[in-house]
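Shown next, in structure tokens, is the structure this report addresses.
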Amino acid sequence: MTVEQTMGKVAVLMGGRSAEREVSLMSGTGVLKALRERGVDAHAFDPAERELSALKAEGFERCFIALHGRFGEDGTVQGALELLGIPYTGSGVLASSVAMDKVMTKRIWSAVGLPTPGWRQVDSALATRDAFAALGSPMIVKPAREGSTIGLTKVIDAAQCDEAYRLAAQHDPLVLCEQFIAGDEVTCPVLGTGDTARALPVIRIVAPDGNYDYQNKYFTDDTQYLVPCGLPDGEEARIQALVLDAFQTLGCRGWARADVMIDATTRKPYLLEINTSPGMTGHSLVPMSARAAGIAYPELCLQVLQAATLDNA
């Protein structure tokens, strides 16, 4: 029996009900095609259209989670799959939930001394203006539990605070204000679990006018992704070590991708967030980094699927 056959009947969870549904469908379609090409008995499954209980009823033995954002990356689907007893890819219930919450993530990283930009949690436009006075200009305002830069504003002037808060609060009542770090924007995936986890090559992102927004992430070809990253000697290794530490501190497993800003003056790296169900689209960064490490897209999908497990397995 081949490795692919031992995977059994596999559901690729895609779509879902989050604001990132469109991207998730693109990710899931790519994963489904790749797994089928490798001979895996893989099937599309959209939790927005079908009850998760159907997974058990229809004999699925593993799930590849290609959902992004809420109800897919935040521990909710993971908890349901734990109850169903169906192994799934990526982090478990607690790590998924914590990593989705940028405020909680920052609290934990800060507690163990990992660098992350200064921040304030706010619940009103007035509190956002107070945060701007404390953190300075520019300041990032964003929903604490969304991804893909949805609802994000770069605030330059205090007059922007009210609208920035309103936009973020449309997506999440928990709003994060964050000190803006000017410098190189990089991202680094991790593959594996525990002592076997390893950081893949760092990608440096050069977006038009420094604006790496939703459109430039997924729907244009104007953003440059540099791998090899071309950072000064030693920096890539330091960022890989930092990201691996961040991954393990949160108890992540399987795979993830962390976003980092490097201060242009001090060259100090700052952790922004970690994505426990990263994108797998044609523009996505984990496949790009894996390819630079000699791992083709179908092989990457298979490796992630092979690591599928349960919290108490």
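Quick caveat: nothing in here was measured; it's all calculated off a predicted structure. Just so you know, residue 1 is the first one in the sequence shown, and it goes up from there.
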query = Around atom CG of Asp157, are there more than 12 heavy atoms of other residues, nucleotides or ligands at under 6.0 Å?
reply = yes
key: Closest non-hydrogen atom pair, Cys252 against Thr276   = SG-CG2, 4.0 Å
ask   = So, Arg21 and Asp46, do they make that salt bridge, N to O below 4.0 Å?
value = yes
request  = Report yes if some heavy atom in the side chain of Lys102 is under 4.5 Å from a heavy atom in the side chain of Leu174; otherwise report no.
outcome  = no
Arg267 bridged to Asp184 by N-O distance under 4.0 Å = yes
inquiry  = Could you see if Ile108 belongs to whatever hydrophobic cluster contains Leu94? Use Ile, Leu, Val, Met, Phe, Trp, Tyr and a side-chain cutoff under 4.5 Å.
reply    = yes
request  = Check the side chains of Thr187 and Asp259 for a donor-acceptor pair under 3.5 angstrom, ignoring hydrogens and angles.
outcome  = yes
ask   = Between Asp263 and Lys268, does at least one N-O distance fall below 4.0 Å, as a salt bridge requires?
value = no
ask   = Does a side-chain N-to-carboxylate-O contact under 4.0 Å join Lys9 and Glu61?
value = no
ask   = Less than 4.0 Å between a side-chain N and a carboxylate O, is that true for Glu299 and Arg38?
value = yes
query = Can you tell if the side chain of Phe64 reaches within under 4.5 Å of the side chain of Met14, non-hydrogen atoms only?
reply = no
Aromatic ring proximity His43/Phe60, centre distance under 6.0 Å = yes
query = Do Tyr270 and Gln179 have side-chain N/O donor and acceptor atoms under 3.5 Å apart?
reply = no
request  = Answer whether the closest heavy-atom distance between the side chains of Met7 and Asp41 falls below 4.5 Å.
outcome  = no
ask   = Do Gln303 and Ile295 have side-chain heavy atoms sitting under 4.5 Å apart?
value = yes
request  = Salt-bridge test for Lys33 and Glu37: reply yes if a basic N is under 4.0 Å from a carboxylate O, no otherwise.
outcome  = yes
inquiry  = Quick one about Ser91 and Arg253 (side-chain donor to acceptor, distance below 3.5 Å, no hydrogens or angles considered), yes or no?
reply    = no
message = Side chains of Ser27 and His68, heavy atoms from C-beta outward: is any pair under 4.5 Å?
response = yes
query = Between the side chains of Arg107 and Gln121, does any donor sit under 3.5 Å from an acceptor?
reply = yes
inquiry  = What I'd like to find out is whether the side chain of Met280 reaches to under 4.5 Å of the side chain of Met26, using heavy atoms alone.
reply    = no
task = May I ask you to say whether Glu178 pairs ionically with Lys106, meaning some side-chain N is under 4.0 Å from a carboxylate O?
result = yes
request  = Taking the side chain as every heavy atom from C-beta outward, state whether Lys154 and Phe180 have any pair of such atoms under 4.5 Å apart.
outcome  = yes
query = Considering only heavy atoms from C-beta outward, does the side chain of Leu272 approach that of Val260 to under 4.5 Å?
reply = no
